[in-house]
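Below is one structure; the comments refer to it alone.
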Amino acid sequence: MKRIRRWFVAVVLVLLTVLFLNKGLNLWSLGSNVDGQGIGLSLLGFEINDRVLEESIPSYATGFFILAGIAFVISMILVGMNLKIKSQE
């Protein structure tokens, strides 16, 4: 049961990695091409910030890239643990 839970968490983390990476790429490509003074930022229906200033958009994009990297590394650790346990059985 523990192994199934690890696989499930690893898959969820990979999905979060894709979502974070996608949001970071969208923000990075947006750059400073915004209407008005800023944009609203949301992920999975949750509002993160209702007014991100134009000059803060690259730092938010970098934050999403960092989150994607962390989620990916943790998921790979879990996959490695699952494969190691499976090879020992």
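Position 1 is the first residue of the sequence; numbering continues from there. Basis for what follows: all heavy atoms, side chains included, without hydrogens, waters or symmetry-related copies.
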- Query: How many angstroms lie between atom CG of L19 and atom CG of L67, to the nearest 0.5 angstrom?
  - Reply: 11.5 Å
- Task: Report whether I74 and I66 are members of the same hydrophobic cluster (ILVMFWY, side-chain heavy atoms less than 4.5 Å apart, transitive linking).
- Result: yes
- Message: Do V18 and L44 sit in one hydrophobic cluster, given that two such residues count as connected whenever their side-chain heavy atoms are within less than 4.5 Å of each other, even indirectly?
- Response: no
- In this structure, CG of L78 is separated from CZ of F8 (nearest 0.5 Å) by 12.5 Å
- Under the side chain to side chain donor-acceptor pair (under 3.5 Å) test, which residues partner N49, sequence neighbours left out? Y60
- So does F65 have more than 12 non-hydrogen atoms from other groups sitting under 6.0 Å from CZ? yes
- Item | Spacing of CD1 belonging to I39 relative to CZ belonging to R51, to within rounding of 0.5 Å | 12.0 Å
- Task: For L43, check side-chain contact (heavy atoms from CB on, under 4.5 Å) against everything at least two apart and list the hits.
- Result: F20, K23, I48, F64
- Item | Euclidean distance, N26 CG relative to I57 CD1, rounded to 0.5 Å | 12.0 Å
- Item | For W28 against A61, the heavy-atom pair lying closest together | CE3-CB, 3.5 Å
- Over all heavy atoms of both residues, which pair between S75 and A10 is shortest? Give the atoms and the distance, please. CB-O, 3.7 Å
- Any chance you could measure L16, atom CG, to I70, atom CD1, to the nearest 0.5 Å? 12.5 Å
- Query: Counting distance only, does the side-chain N/O of T17 pair as donor-acceptor with the main-chain N or O of L13 below 3.5 Å?
  - Reply: yes
- Side chain to side chain, V14 and V79, heavy atoms closer than 4.5 Å: no
- Item | S56 OG to L27 CG distance, which is reported to the nearest 0.5 Å | 11.5 Å
